[in-house]
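Since the structure comes first, as structure tokens, the remarks are kept for the end.
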Amino acid sequence: MIKQPTSLGCFLCGKDNPIGLHMHWVENRENKTITAEVIVPETMRSYPGIVHGGIVATILDETSGRAILLYNEYDNLMVTLKLEVIYKQVTPTNTPLRAVGRVKKPGSSKAIVEADIILPDGTVSATATAIIMRPPNKALLGADPAEEAEWKNTSPAK
Amino acid sequence: MKQPITYNGFLNGANNALNLKMVWHDDSVNGLIYCETSVPAVFSSYPNVLHGGMVSTLLDETCVRAIMLEEGHDCIMVTAHLDVQYKKPTPPETPLRIEGRIIKNSHTKALTEAVIKLPDGTVTAIGTAVVVLPKQSPLSASPEDMAEWQRSTDPKAKLMSK
């Protein structure tokens with residue numbers, strides 16, 4: 001299992017983000033999936049005990065987007081063009097969740113990726129499909145040298 | 001007319017520690033609801049770009065709340081399907097206007113839409129959602145949320161629903 005790079009300030013993976021989820025993803029290069037484990041606090045709920053649908057989308061967006069790093073270099077970051085989320089059942093707060101991402105159609109400039117959120121009993125609570133693309137150079141981490149350095153320093157060997 | 005809020009909800013909870021305290025308003029004349037807000041940079045992905053999931057969060061909440069325009073403020077639906085198109089990066093720490101409207105309403109299920117607009121009117125993202133009425137109010141599990149929802153419901157909206 002290989003840990004993917006992380007950032008300083010990102011809401012999901014930034015190590016210095018004071019209210020972030022501090023997630024990290026590990027790659028299984030044999031079965032071509034990435035996985036993260038997370039417990040969402042009650043502060044990010046919509047209704048009592050239920051993770052806000054937008055936070056569910058956030059975890060799926062990030063997990064599907066990172067799956068392309070199984071195929072591409074770690075500095076080939078992409079952004080989401082279109083995200084489709086299907087909510088199958090409620091996702092509970094304060095519960096160990098597993099997010100799994102995979103690539104449906106790889107590409108270095110555009111790709112189709114997928115992700116699921118899985119409950120402790122194995123039930124899939126939500127699933128997403130996304131179209132992602134590579135933006136112009138330096139549009140992302142290049143705007144902040146400290147972020148670019150953190151990403152490089154935490155990138156494993158390919 | 002201001003829409004009600006929860007006690008502990010992520011975006012609008014009066015007591016939520018993340019303190020976003022967003023408020024939605026009905027604009028019945030124009031057939032839409034809207035929220036004017038600025039999202040803190042801690043919800044970014046890349047520097048100066050709101051996380052795509054946070055963009056989805058704003059659109060999701062607005063899509064769910066749009067149905068209250070026709071069904072009243074005590075109609076609390078949940079999202080079954082959300083489709084988001086990202087047109088441009090949405091910046092943090094910037095005044096945003098999020099608008100929602102109903103496309104199709106069958107009372108227990110509806111198709112709704114929301115957009116995020118920058119100060120110059122540019123639309124950065126569009127969300128389309130299928131929202132459904134659950135068998136039991138999702139707020140019923142928390143008396144304090146139910147109480148806050150009732151307390152913050154505009155008296156005019158209560159009269160309209162009678």
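By convention in this document, chain letters (A, B, ...) are assigned in the order of the sequence lines, proteins followed by strands, and residues within each chain are numbered from 1. None of these values were measured; they are calculated from a predicted model.
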- prompt: In terms of heavy-atom proximity below 4.5 Å to chain B, should A:Thr43 be classed as side chain, backbone, both, or neither?
  reply: both

Do the side chains of [X] and [Y] join up, straight or via other hydrophobic residues, at under 4.5 Å, putting them in one cluster?
X: A:Ile50; Y: B:Leu20; value: yes
X: B:Leu50; Y: B:Ile126; value: no
X: A:Ile39; Y: A:Ile59; value: no
X: B:Ile5; Y: B:Leu58; value: no
X: B:Leu133; Y: A:Tyr87; value: yes

Determine whether [X] and [Y] make a side-chain contact, defined as any pair of heavy atoms from C-beta on separated by less than 4.5 Å.
X: B:Phe10; Y: A:Val51; value: no
X: B:Asn8; Y: A:Glu42; value: no
X: B:Ser56; Y: A:Asp61; value: no

Smallest separation among heavy atoms of A:Thr58 and B:Met54, with atom names: OG1-N, 3.6 Å

message: For B:Asp145 versus A:Pro48, what's the shortest heavy-atom pair and its separation?
response: OD2-CG, 4.1 Å

So for atom [atom1], which belongs to [X], do other residues, nucleotides or ligands contribute more than 12 heavy atoms lying within a distance under 6.0 Å?
X: B:Lys21; atom1: NZ; result: yes
X: A:Gln89; atom1: CD; result: yes
X: A:Lys152; atom1: NZ; result: no
X: A:Arg102; atom1: CZ; result: yes

task: Sequence neighbours left out, what passes ring pair (Phe, Tyr, Trp, His ring centres under 6.0 Å) with B:His25? Give chain and number order.
output: B:Tyr34

With rounding to the nearest 0.5 angstrom, report the [atom1] to [atom2] distance, [X] to [Y].
X: B:Leu59; Y: A:Leu83; atom1: CG; atom2: CG; value: 10.5 Å
X: A:Arg45; Y: B:Leu11; atom1: CZ; atom2: CG; value: 11.5 Å
X: A:Tyr47; Y: B:Ser140; atom1: OH; atom2: OG; value: 11.0 Å
X: A:Asp144; Y: B:Tyr46; atom1: CG; atom2: OH; value: 13.5 Å
X: A:Thr80; Y: B:His51; atom1: OG1; atom2: NE2; value: 8.0 Å
X: B:Thr57; Y: A:Met44; atom1: OG1; atom2: CE; value: 9.5 Å

task: Could you tell me which residues in residues 75-105 of chain B have at least one non-hydrogen atom under 4.5 Å from a non-hydrogen atom of chain A, sorted by residue number?
output: B:Ile76, B:Met77, B:Val78, B:Thr79, B:Ala80, B:His81, B:Leu82, B:Asp83, B:Val84, B:Gln85, B:Tyr86

field: Greatest number of heavy atom pairs closer than 4.5 Å to chain A - which of B:Asn16, B:Val42, B:Asp60
entry: B:Val42

- request: Against chain A, label B:Val130 side chain, backbone, both or neither, depending on which of its atoms sit under 4.5 Å from a heavy atom there.
  value: neither

statement: Cut-off 4.5 Å, heavy atoms of chain A, and the answer for B:Ser44 is backbone

task: Give the member of A:Ile86, A:Asn17, A:Ile55 that has the highest number of heavy-atom pairs under 4.5 Å with chain B.
output: A:Asn17

